[in-house]
**Student:** 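Dropping the structure in here first, questions after.
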Amino acid sequence: SAGQKVLACLVIRLALAETFCLNCGMLALDEPTTNLDRDNIESFAIALSRLIEQRRAQNNFQLIVITHDEEFVGQLGNRDLSDKYARIAKNPEDNYSEIHINDTSQLA
């Protein structure tokens with residue numbers, strides 16, 4: 001299916017990032033679950049979880065995920081891989097963006 005092809009591309013990109021950036025401290029993903037069905041999103045969360053587990057010992061590793069998919073964020077949080085996430089929202093009173101730091105446990 002198209003979703004499986006997208007998932008395969010994401011996994012390949014993660015593998016390439018892992019190969020070429022062994023000492024890189026940051027991995028940024030922008031809307032990684034777009035066009036994926038729930039099963040493929042879960043598979044991607046598992047693959048990403050494995051990468052995070054491998055990189056945990058690296059002092060400078062940071063993962064940045066930009067997404068509207070709170071269920072995906074919750075899947076990562078449920079694996080005890082992260083304890084916080086940031087939500088950016090516009091304040092309707094002054095139209096400035098605000099950053100709110102939340103516990104991933106709030107997504108469950």
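Note that these values count all heavy atoms, side chains included, but never hydrogens, waters or copies made by symmetry.
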**Student:** Could you measure the distance from the CD atom of Gln54 to the OG atom of Ser49? Nearest 0.5 Å is fine.
**Tutor:**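 One finds 11.0 Å between CD of Gln54 and OG of Ser49.
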**Student:** Can you name the closest pair of heavy atoms from Leu63 and Leu48 and give their distance?
**Tutor:**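 Looking at all heavy atoms of both residues, the shortest contact is CD2-CD2, 4.1 Å.
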**Student:** CD of Glu42 to CG of Leu36: how many Å apart, nearest 0.5 Å?
**Tutor:**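 If we round to the nearest 0.5 Å, Glu42:CD and Leu36:CG are 12.5 Å apart.
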**Student:** Should the heavy atoms of other residues, nucleotides or ligands under 6.0 Å from CD1 of Ile99 be counted, would the total exceed 12?
**Tutor:**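 No.
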**Student:** Quick one, Val73 and Glu71 - any side-chain contact, counting heavy atoms below 4.5 Å?
**Tutor:**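 No, their side chains stay 4.5 Å or more apart.
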**Student:** Ile66 and Leu29: side chain to side chain contact (heavy atoms under 4.5 Å, CB included), yes or no, with the steps?
**Tutor:** CA-CA 6 Å; Ile66 302 164; Leu29 304 171; over 6 Å; no
**Student:** Would Ile101 and Ile88 show up in the same hydrophobic cluster when neighbours are defined by side-chain heavy atoms closer than 4.5 Å?
**Tutor:**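 Shared cluster, yes.
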**Student:** Can you list every pair that meets ring-ring contact (aromatic ring centres under 6.0 Å, His included) and has a residue in residues 36-76, with sequence neighbours left out?
**Tutor:**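 Residue pairs with at least one partner in residues 36-76: Phe44-Phe72.
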**Student:** If I take atom CG from residue Asn40 and atom CG from residue Asn35, how far apart are they, to the nearest 0.5 angstrom?
**Tutor:**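 Taking CG in Asn40 and CG in Asn35, the distance rounds to 11.0 Å.
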**Student:** What closest approach, in Å, do Ala45 and Leu76 show between heavy atoms, and which atom pair accounts for it?
**Tutor:**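 Closest heavy-atom pair between Ala45 and Leu76: O-CD2, 3.9 Å.
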**Student:** Would the number of heavy atoms belonging to other residues, nucleotides or ligands and lying under 6.0 Å from CZ of Arg38 be above 12?
**Tutor:**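 Yes.
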**Student:** Do Ser97 and Asn91 have side chains that get closer than 4.5 Å, going by heavy atoms?
**Tutor:**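 With C-beta onward as the side chain, the pair stays apart.
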**Student:** Atom CD1 in Ile41, atom CG in Asp69: separation rounded to 0.5 Å?
**Tutor:**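 Answer rounded to 0.5 Å: 4.5 Å.
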**Student:** Is Lys90 salt-bridged to Glu98, going by a charged N under 4.0 Å from an acidic O?
**Tutor:**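 So Lys90 does not pair with Glu98 through a salt bridge.
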